[in-house]
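The structure appears right after this line, and notes come after that.
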Amino acid sequence: MERQQNLTPPYLERSMASTTQKKTWIINPTTDLTCITLGWTVFFVVPFYLPQYAPDFHFLAVTSFVAHRYFTFPLVYLDRTEFNRSRSIYIVTPILCLAFVALCYYFKVEEPEMFAFWYFFNFFHFVRQKYGILRIYSGKAQWGHKRLDEWTTYTWALAGFFYMLTRQADLEGKLMHYLQSLTGPLPLVIADSIYAIAVLLTLFWLIHECRAPKGLSVPKLLFLVSVAFMYGIAPILSTNAMADATAFSHAAEYIALVALTLQNKARANTMDAPILNKAANHVVRYTASFILVVSLLLYGLKFASLSLFLIFTYGTSFAHFIFDGMIWKLRRPKVAREVGTIG
């Protein structure tokens, strides 16, 4: 039997290969690596090796982190389609969150209790976002085990958390010192055991990923490695640098996903929001302007009244956590399409 010839031109083969490779990234290789996978390393490496620059990077990390949560509110209140989906919840939630924080301060439930409560919300929120991004990569690669993605991500985060709690409570700062004052010294074997489980789960994860019909997804692998280093290795090296790196990482990931979602919504014409449609066409300009305006308003509020600043920032943080859980559910086909996982 005569062997069938490949009639596809070489340039078209290269184009098809490039297209297939691009589809495994959430946005594109440059944006994924700088905003999602590796951009945070600058905020860890520079303060770690050049501590004289640590205050500058801390300021940038905190500014971007504080500003990022306010990107949620335009997605809710400026998009009439989204707002009408859960109108009552979107109206009542911020009021209840601000009232809750105000009452806590009124009854003197302040630091470190409020900070500890807020930290645990942040911890879950940060790790949940990492897991969500890993699931997006699984969707792009058309391969992945949901529970294995989840367990591997959360176990690395817990390993780093218990390392700080058991070994660095006196160095890390007020939170771990406060928690240890409640629990007493914890056995070191707790953190060691969680690290061992994390390594074992990662091996299972790698074996499963290598069985993918299209081969191992490099973007997905790089992202999990970054998660393991950020939560598992970075706390051992420097808790302060790790804190700034995680704050910036979370903000950069979130802003990149918001920009992607706005652009996809605008292309599909599924967003009833003229302002957001306009922002989708000028993402960088509107993102930078939004961060600047929010930062100036918050610093102005802090200068005017520290109490009002704390009530507002804590209250809007809790509202941001709740709203994120509502608008970023990947099991909703509409959301999956907006982040490019399907369709």
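These numbers were taken from a predicted model, which means no experiment stands behind them. This chain uses plain numbering: 1 for the first residue, then up along the sequence. No hydrogens, no waters, no symmetry mates; every other heavy atom, side chains included, goes into these values.
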- Query: Can you find a side-chain donor-acceptor pair between S138 and K146 that sits under 3.5 Å?
  - Reply: no
- Message: Between W25 and T31, do the side chains contain a donor N or O and an acceptor N or O under 3.5 Å apart?
- Response: no
- Message: Would K130 and S226 count as a side chain to side chain donor-acceptor pair (under 3.5 Å) here? Give the steps.
- Response: CA-CA 10 Å; K130 295 288 186 187; S226 76; 5.3 Å; no
If you take all heavy atoms of [X] and [Y], which pair is closest and at what distance?
X    : Y    : value
G144 : E209 : CA-OE2, 3.8 Å
G315 : L98  : CA-CD2, 3.9 Å
Q263 : V283 : NE2-CG2, 3.4 Å
T166 : P187 : CG2-O, 3.8 Å
D32  : I27  : OD1-N, 2.9 Å
E82  : V76  : CG-CA, 4.3 Å

Side-chain heavy atoms of [X] within contact of [Y], under 4.5 Å:
X    : Y    : answer
Y70  : H320 : no
P219 : T37  : no
F73  : F323 : yes
F124 : Y154 : yes
I26  : L257 : yes
L60  : F43  : yes
P74  : V258 : no
H250 : T246 : no

Are [Y] and [X] co-members of a hydrophobic cluster defined by side-chain heavy atoms under 4.5 Å apart?
X    : Y    : value
Y314 : I95  : no
I89  : F83  : yes
V42  : Y53  : yes
L188 : I197 : no
V293 : L75  : no

- Message: As a test of understanding, state which of F321, F162, F161 forms a ring pair (Phe, Tyr, Trp, His ring centres under 6.0 Å) with F123.
- Response: F161
- Query: Hey, is CD1 on I275 packed in by over 12 heavy atoms from elsewhere, all under 6.0 Å?
  - Reply: no
- Message: Looking at F204, I'd like to know if its CZ atom is crowded, meaning that more than 12 non-hydrogen atoms belonging to other residues, nucleotides or ligands lie closer than 6.0 Å.
- Response: no
How far does [atom1] of [X] sit from [atom2] of [Y], to the nearest 0.5 angstrom?
X    : Y    : atom1 : atom2 : answer
F318 : T316 : CZ    : OG1   : 9.5 Å
F309 : L297 : CZ    : CG    : 12.0 Å
Y77  : T72  : OH    : OG1   : 10.5 Å
I291 : I255 : CD1   : CD1   : 4.0 Å
L224 : I133 : CG    : CD1   : 12.5 Å
M164 : T239 : CE    : OG1   : 7.0 Å

- Message: Please evaluate residues M326 and Y90 with respect to the criterion side chain to side chain contact (heavy atoms under 4.5 Å, CB included), reporting the C-alpha separation (whole Å), side-chain torsions for both, the decisive distance (0.1 Å), and the verdict.
- Response: CA-CA 10 Å; M326 297 174 63; Y90 286 141; 3.8 Å; yes
Test your reading of the model: is there a side-chain donor-acceptor pair from [X] to the backbone of [Y], 3.5 Å cut-off?
X    : Y    : value
S305 : L308 : yes
S289 : Y286 : no
R337 : N264 : no

- Task: Just do the side chain to side chain donor-acceptor pair (under 3.5 Å) check on T202 and W156 with the steps written out, would you?
- Result: CA-CA 9 Å; T202 303; W156 277 113; 2.8 Å; yes
- Under-4.0 Å salt bridge between R267 and E338: no
- Query: Taking 4.0 angstrom as the limit, do D79 and K265 come out as a salt bridge?
  - Reply: yes
- Message: With side chain to side chain contact (heavy atoms under 4.5 Å, CB included) as the criterion, how do R135 and T153 come out once you've worked through the C-alpha distance, each side chain's angles and the decisive distance to 0.1 Å?
- Response: CA-CA 11 Å; R135 291 304 300 158; T153 304; over 6 Å; no
- Take K140 and K220 through the side chain to side chain contact (heavy atoms under 4.5 Å, CB included) test and state the conclusion after the steps. CA-CA 9 Å; K140 302 289 278 188; K220 186 178 178 182; over 6 Å; no
With a 6.0 Å cut-off on the ring centroids, do [X] and [Y] count as close?
X    : Y    : answer
H208 : W143 : yes
F71  : Y254 : no
F126 : F65  : yes

- Only residue of I236, L158, L200, T155 satisfying side-chain contact (heavy atoms from CB on, under 4.5 Å) with Y195 is I236
- Would V335 and T261 count as a side chain to side chain contact (heavy atoms under 4.5 Å, CB included) if you check the C-alpha gap in whole Å, the side-chain angles of each, and the deciding distance to 0.1 Å? CA-CA 8 Å; V335 176; T261 299; over 6 Å; no
